[in-house]
Amino acid sequence: MVIYLYLTNYEERALDGEYGEALEMAYRILLSVGRLTDASHLIEISSAHLSGVSYSTIGEHGREFLEGFSLNAKVTIPTTVNPAGIDPKNPSNFNIHEDYILEQMKIVRSYKKLGVAESFTCTPYEVVHPPPKGGHVSWAESSASIYANSILDLRTNRESALSALASAVTGKTPYSELHIEEFRKPSLSILVDTHELSGSMKFGLLGYFAGKMARGPMALQGIKSPTSSEAKALCAAIGTSGAAGMFLIKDKVDVEGVKFDRGDLEKTYDELNDAEEGDVIVLGCPHLGLNEIHDISDSVEGKKFKKRCLLFCSGRVYEEAKLKGYADKIEGAGADFICNTCAVFTPIISHLEVDVITTNSCKAAHYLKRTQNVKVSLKETHEMLKEVCG
Amino acid sequence: MRGVFRARGLVNGLEWGEALISSSPISFLGGVNPEDGKIIDKSHELFGSSIHKKVFIFPHSIGSSVGAYVIYKLKKRDKAPSAIINLRSDMITVSGCAIAHIPLVDMVEGLSLIKEGDDLIVNGRDGFVILY
């Protein structure tokens, strides 16, 4: 255990309030989190990603804090932010109650004041170019931090809304846990023993299972290298069911192993799936990337959706999909894009007044059931599109 | 009994108050009313008690990370505990105490010797608790 967290003279002075209240508070957060995680000192980081944007997650208490904090604070490094509860660029869509819109827009205004990039996405790596490999960052949003560590070869802990905010303002983070090479070694191996794993839903099921098993970094054995879509689903599911912050795909590791076989796959599916068919299709948890939208547009071109279909992505990705003509094909088939909004932490879902939602996302399945009082029908994308878009 | 107990200092600050002890974890969001500092979770062993001005001792926080903002709001409404002692702290309590300026320590050596109502001083910077 580190018993003393070293601070530079500058950091000490900031902590004493010499550079204003916001920096004092930011350094208080970093110092306290650093002590909790046994950090020896603070290190510089090249980017931050903030959670705590949707009013459905942080509520009035979070809104109140941000209004105060943003009065005299600015981010000092490139900083992206998570989706909001409604599209801040089109707040009046979907007839959401005006009180909710007002509260959400206050939160957005606070973040704008802080000087963040208005990315409103849980997949910042698809909207802004991620920092070079090996770099230290401070990313909240578990699916993004696991993706950063495991796929982008960046170094971040699973930050909270507040610790990532403190990092964005100071440009620093405690040097602890996943920032340190020796703590990035897997302590558990998941031995995948099923018919070759493919598809976002199945990778999500593996992640949901693995997240419960591993407390720290894990090795996944016996799987092919995932596509970006599968990797996003895997990361999101690991972040949903447990506390682990990264995985490696590696066939030779010398650590304790846990098997993931066909039975485990089915059991995990049964845990998340509770209906054969849904009333509405929800795709985009995590947010859809351009390649995923391209794939969907190919399979629905010239057809018509028999059920309502909602696709969640960032405004930036939607604009690109529009330019490339993918969005028109999908909208032509009758589906709707919802931009800059989370598929789960939004009042839009309860406004639909449906009982069952079809999704390919294990993360969405987990949270929709718990927060939106709906049942979930879990399916692979191609499977559901075949059924409802002919 | 009197004594000085070593602890891990997490959030700086020096405060005092009477010990209020919970053997079970607490969710600040939904578990504590930020307007009056009372525990409102009916299933909690301290249901109805006020944490205002107390040295609140509990294992760790559970539930939503929004709990951190509830701790901040308690402080803004002047209904916060004066200090917090955890068995083993967590991100929610640490970040909440950091933004609310509430001294926080954990891993106190000999914590079981501290009883309900004891007068305590908590030093969050240097990491110790005084029972006087």
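Computed from a predicted model, the values in this text were never measured in an experiment.
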Determine the minimum heavy-atom distance between [X] and [Y], stating which atoms define it.
X: A:Asp38; Y: B:Arg8; result: OD1-NH1, 3.4 Å
X: B:Val66; Y: A:His61; result: CG1-CD2, 4.5 Å
X: A:Arg35; Y: B:Val11; result: NH1-N, 4.2 Å
X: A:Met25; Y: B:Ile99; result: CE-O, 3.3 Å
X: A:Leu162; Y: B:Ala68; result: CD1-CB, 3.6 Å
X: A:Ser163; Y: B:Met91; result: OG-CE, 3.9 Å

By a 4.5 Å heavy-atom criterion (distance strictly below it), what part of A:Ser51 contacts chain B: side chain, backbone, both, or neither? neither
Part of A:Leu66 within contact of chain B (heavy atom distance under 4.5 Å): neither
Other residues, nucleotides, ligands: >12 heavy atoms within 6.0 Å of [X] [atom1]:
X: B:Arg77; atom1: CZ; value: yes
X: B:Lys53; atom1: NZ; value: no
X: A:Glu21; atom1: CD; value: no
X: A:Asp99; atom1: CG; value: yes
X: B:Lys76; atom1: NZ; value: no
X: A:Asn9; atom1: CG; value: no
X: B:Asp126; atom1: CG; value: yes
X: B:Glu45; atom1: CD; value: yes

Tell me, for B:Ile92 versus chain A, whether the close heavy atoms (under 4.5 Å) come from the side chain, the backbone, both or neither. neither
What part of B:Ser95 gets within 4.5 angstrom of chain A, counting heavy atoms only: side chain, backbone, both, or neither? both
[atom1]/[X] to [atom2]/[Y] distance, rounded to the nearest 0.5 angstrom?
X: A:Ser160; Y: B:Asp90; atom1: OG; atom2: CG; result: 10.5 Å
X: A:Thr57; Y: B:Leu29; atom1: OG1; atom2: CG; result: 10.5 Å
X: B:Asn12; Y: A:Leu31; atom1: CG; atom2: CG; result: 5.5 Å
X: B:Lys73; Y: A:Glu64; atom1: NZ; atom2: CD; result: 4.5 Å

Look at the aromatic rings of B:Tyr69 and A:Phe65 and report parallel, tilted or perpendicular, splitting at 30° and 60°. tilted
